[in-house]
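To start, the structure under review is shown below, and the notes come after it.
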Amino acid sequence: MIDLPDVHRLISQPGADQTLSLYLTIDASRLENQGGTPGWRIWLKNGLRELSAAHAEDATLAALRARAEARLGDYHGHSKALALFLTPHAEQMFELPVPLAENSASYGRAALAPLLWLMDEYERTLIVIVDQERARFISGYMGVGSREG
């Protein structure tokens, strides 16, 4: 579950102005991700290359790019999307059970708009069913329902 303290941690940590933000649609059911090399890996390679070309003199971005490639080199998630934030001193990854509008890569301040949109769009919901003998709680978050008790 993603909450506002996670977002606050992203923007207040040391080196927050040097954040590599990656949003990837890794859903294995999508046609482009069913090949020998999934489409999201190809997009990641091209996106990081373009970002590095735009910031050719930045050694920090080069180090973050190498960390991202190493971290995602053998990644096999079972979610629909992935948000990865890398700074010189930390990393934070969110596996998202809902698809993203598009893949993106950025460098500088953490790109939080897609994450905040998902948090707002798929806000946690609680349904309470009460009868004479018991109460049941069902919660929903980011497209997934679970029985709480």
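For the single chain, residues carry numbers from 1 onward in sequence order.
One distance of note links CG of Leu84 with CZ of Arg67; it measures 8.5 Å at 0.5 Å rounding. Rounding to the nearest 0.5 Å places CG of Leu61 at 6.5 Å from NE2 of His55. Distance check: Leu115 CG to Leu10 CG gives 7.5 Å after rounding to the nearest 0.5 Å. Within the model, atoms CG of Asn103 and CD1 of Ile26 stand 10.0 Å from one another, a figure rounded to the nearest 0.5 Å.
Looking at heavy atoms from C-beta onward, Leu22 lies in side-chain contact with Leu72 at the 4.5 angstrom threshold. Contact of the Arg136 side chain with the Arg134 side chain is registered, since non-hydrogen atoms from C-beta on lie closer than 4.5 Å. For the pair Leu24/Leu44, a side-chain contact is recorded, criterion being any heavy-atom separation below 4.5 Å from C-beta on.
Not a single donor-acceptor pair under 3.5 Å links the side chain of Arg9 to the backbone N or O of Leu4.
Residues Ser79 and Glu95 come closest through the heavy atom pair OG-CB, 3.7 Å. Contact record, Asn33 with Gly39: OD1-N, 3.2 Å, taken as the closest heavy-atom pair.
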What donor-acceptor contacts under 3.5 angstrom involve side-chain atoms of residues 105-114, with partners at least two apart or in another chain?
from   : atom 1 : to    : atom 2 : distance (Å)
Tyr107 : OH     : Asp58 : OD2    : 3.0
Arg109 : NE     : Asp17 : OD1    : 3.4
Arg109 : NH1    : Asp17 : OD1    : 2.7
Arg109 : NH2    : Ile11 : O      : 3.4

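Between Asp27 and Arg30 no salt bridge is recorded (no basic side-chain N to carboxylate O distance below 4.0 Å).
Between Tyr23 and Phe85, the distance from one ring center to the other falls under 6.0 angstrom.
Sorted by first and then second residue, the salt bridge (Lys or Arg N to Asp or Glu O under 4.0 Å) pairs with a member in residues 41-56 form an empty list; sequence neighbours excluded.
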